[in-house]
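Notes follow the structure.
Everything numeric in this text was worked out from a predicted model, so none of it was measured.
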Amino acid sequence: MLKNRYVGIGFIILIASAVFLLYALKIGPFGGSSHTPVEQATSISSEKTDEKKILTMMEALRLGYEEAKKHTEEEPLLISLTSTDDTPVPQGKNDGADGKRNAWNLQFGSKKGNINITMSIKDGKVNAEVRKDDNNLLQKGLYAVSDIKIDSPEAIKKAIEVLGMRPGDPEIEDDWIKGYHFSIMGFLTDPKSSKPRLLLRVKGISPNSPNSENYSLRMNAFFDVKTGEMVNASEMTGYDKDGRSNWKNAELKRTPGNK
């Protein structure tokens, strides 16, 4: 009987200890209010993914190139890259003034045309779509990423200094663009040849805008991607009777670095 009594007391003590331990865990460092910091950390992480993350043209190109390499064993060749206003994050007049944008579209392909990779980069996030064709009928990649030596901050600085290029104003509907935009693709520069030349185009607004009819006048500056040289610049003058835009070669501002 005495032995059973001690066993019963020990069992009661064991149960009481377990209850106390559970209570302590509930109010201690691993229970109760300890969940709050975890929820805050998750919320902070979520908010960071919604922040506007801006990239230079080369930063976007390298990010896209690394993504393209994940989908093919062949060397991804660039077809085109362009910044865009197509993003839910509001775009302003100052976007692109430092050569950086938060939204980019890119396209890569293989040399023989059996794979095509299109992607968008928004706030540092890459979304890619891959197409494959065993008949090699897809648009072919043309340009090695390693050939591109100029970046958008350098190009926009020259466009502003040499041309007086202005940014597109969101409050002016006829400007069509917001801030400054950048594209890399093949352009036909020789009327005697169908072979495109890989150029960086900076797009903005002419310092002569608006014209006498109050039309906004866009402006383009073209740079050789290998040398960084500005090879051409053009600006709108207005529209013809059929509504097509008219363009002319832009006049360069005379600066110490432009003789």
Side-chain angles (χ1 to χ4, degrees), residues 48-92 95-96 98-156 168 176-189 194-204 218 220-226:
K48 284 184 178 180
T49 60
D50 293 334
E51 288 181 357
K52 185 175 181 180
K53 184 173 182 179
I54 54 178
L55 303 172
T56 70
M57 179 194 71
M58 285 302 299
E59 288 171 342
L61 181 58
R62 293 190 188 103
L63 187 60
Y65 176 70
E66 292 302 319
E67 177 66 25
K69 288 200 298 183
K70 298 177 183 178
H71 302 286
T72 175
E73 295 180 355
E74 303 176 51
E75 175 67 10
L77 298 175
L78 182 67
I79 297 173
S80 65
L81 172 151
T82 184
S83 59
T84 174
D85 288 330
D86 182 20
T87 169
V89 180
Q91 306 293 292
D95 283 292
D98 56 357
K100 298 181 179 182
R101 301 290 308 212
N102 79 302
W104 300 83
N105 292 332
L106 302 90
Q107 188 175 16
F108 292 88
S110 64
K111 187 175 182 180
K112 57 185 180 181
N114 63 320
I115 188 167
N116 185 277
I117 306 168
T118 59
M119 65 184 72
S120 65
I121 300 176
K122 296 182 180 180
D123 299 311
K125 294 181 179 180
V126 183
N127 183 26
E129 179 181 343
V130 181
R131 297 174 59 202
K132 296 183 179 181
D133 186 345
D134 293 337
N135 295 317
N136 301 332
L137 297 178
L138 299 176
Q139 187 173 0
K140 297 178 180 180
L142 298 172
Y143 310 107
V145 171
S146 58
D147 286 341
I148 302 171
K149 307 299 183 184
I150 187 175
D151 201 357
S152 46
E154 176 187 350
I156 187 59
W176 296 101
I177 61 172
K178 300 170 184 177
Y180 298 97
H181 276 289
F182 311 93
S183 301
I184 290 184
M185 60 184 69
F187 293 91
L188 295 176
T189 59
S194 59
K195 184 178 180 180
R197 180 180 180 183
L198 185 64
L199 299 174
L200 162 62
R201 178 181 66 189
V202 178
K203 182 179 286 291
R218 296 186 296 280
N220 293 320
F222 296 89
F223 296 83
D224 186 303
V225 297
K226 294 183 179 180

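What you find for Phe108 and Pro76 is that their closest heavy atoms are CD2-CB, 4.0 Å. When every heavy atom of Ile79 is checked against every heavy atom of Tyr143, the shortest pair comes out as O-CE1, 4.1 Å. Contact between Met119 and Val126 at its shortest, heavy atoms only, is SD-CG1, 3.9 Å. For the pair Ile121 and Ala60, the tightest heavy-atom approach, listed with the atom from each and the gap, is CD1-O, 3.4 Å. Minimum interatomic distance between Gly113 and Ser110 (heavy atoms only, all atoms of both residues): N-OG, 3.1 Å. Across every non-hydrogen atom of Ile177 and Gly204, the tightest pair is CD1-CA, 3.8 Å.
Judged by distance alone, the side chain of Thr56 and the main-chain N or O of Ser152 form no donor-acceptor pair under 3.5 Å. Checking side-chain atoms of Asp85 against main-chain N and O of Lys178 turns up a donor-acceptor pair under 3.5 Å.
Separating the CD atom in Glu154 from the CG atom in Leu200 is a distance of 9.5 Å, to the nearest 0.5 Å. Distance check: Lys132 NZ to Ile117 CD1 gives 8.5 Å after rounding to the nearest 0.5 Å. Between the CG atom of Leu199 and the OG atom of Ser183 there is a distance of 11.0 Å, given to the nearest 0.5 Å. Atoms CE and CG, from Met185 and Leu78 in turn, are 9.0 Å apart once rounded to the nearest 0.5 Å. Rounding to the nearest 0.5 Å places CZ of Phe187 at 9.0 Å from CG of Leu198. The CG atom of Leu63 sits 13.0 Å away from the NZ atom of Lys125 when rounded to the nearest 0.5 Å.
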Stepwise side-chain contact (heavy atoms from CB on, under 4.5 Å) check, Leu77 with Lys140:
CA-CA 8 Å; Leu77 298 175; Lys140 297 178 180 180; over 6 Å; no
Full working for side-chain contact (heavy atoms from CB on, under 4.5 Å) between Lys111 and Glu74
CA-CA 9 Å; Lys111 187 175 182 180; Glu74 303 176 51; 5.7 Å; no
Report the C-alpha distance between Met57 and Val225 in whole Å, list the side-chain angles of each, state the deciding distance to 0.1 Å, and finish with yes or no for side-chain contact (heavy atoms from CB on, under 4.5 Å).
CA-CA 12 Å; Met57 179 194 71; Val225 297; over 6 Å; no
Apply the test side-chain contact (heavy atoms from CB on, under 4.5 Å) to residues His71 and Glu129: give CA-CA distance (whole Å), side-chain angles for both, the deciding distance (0.1 Å), then the verdict.
CA-CA 10 Å; His71 302 286; Glu129 179 181 343; over 6 Å; no
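When each of His181, Lys52, Lys100 is checked for a side chain to side chain contact (heavy atoms under 4.5 Å, CB included) with Asp95, only Lys52 meets the rule. Screening Thr118, Thr82, Leu81 against Gln107 for a side chain to side chain contact (heavy atoms under 4.5 Å, CB included) leaves a single residue, Thr118.
In the model, Asn114 has no side-chain atom that pairs as donor or acceptor with a side-chain atom of Asn136 under 3.5 Å.
A salt bridge is defined here as a Lys NZ or Arg NE, NH1 or NH2 lying under 4.0 Å from an Asp or Glu carboxylate O, and Lys149 with Asp224 fails to meet this definition.
When side chains are defined from C-beta on, Val145 does not count as touching Arg62, because their heavy atoms never get closer than 4.5 Å. Side-chain contact between Glu59 and Leu61 is absent, with no heavy-atom pair separated by less than 4.5 Å.
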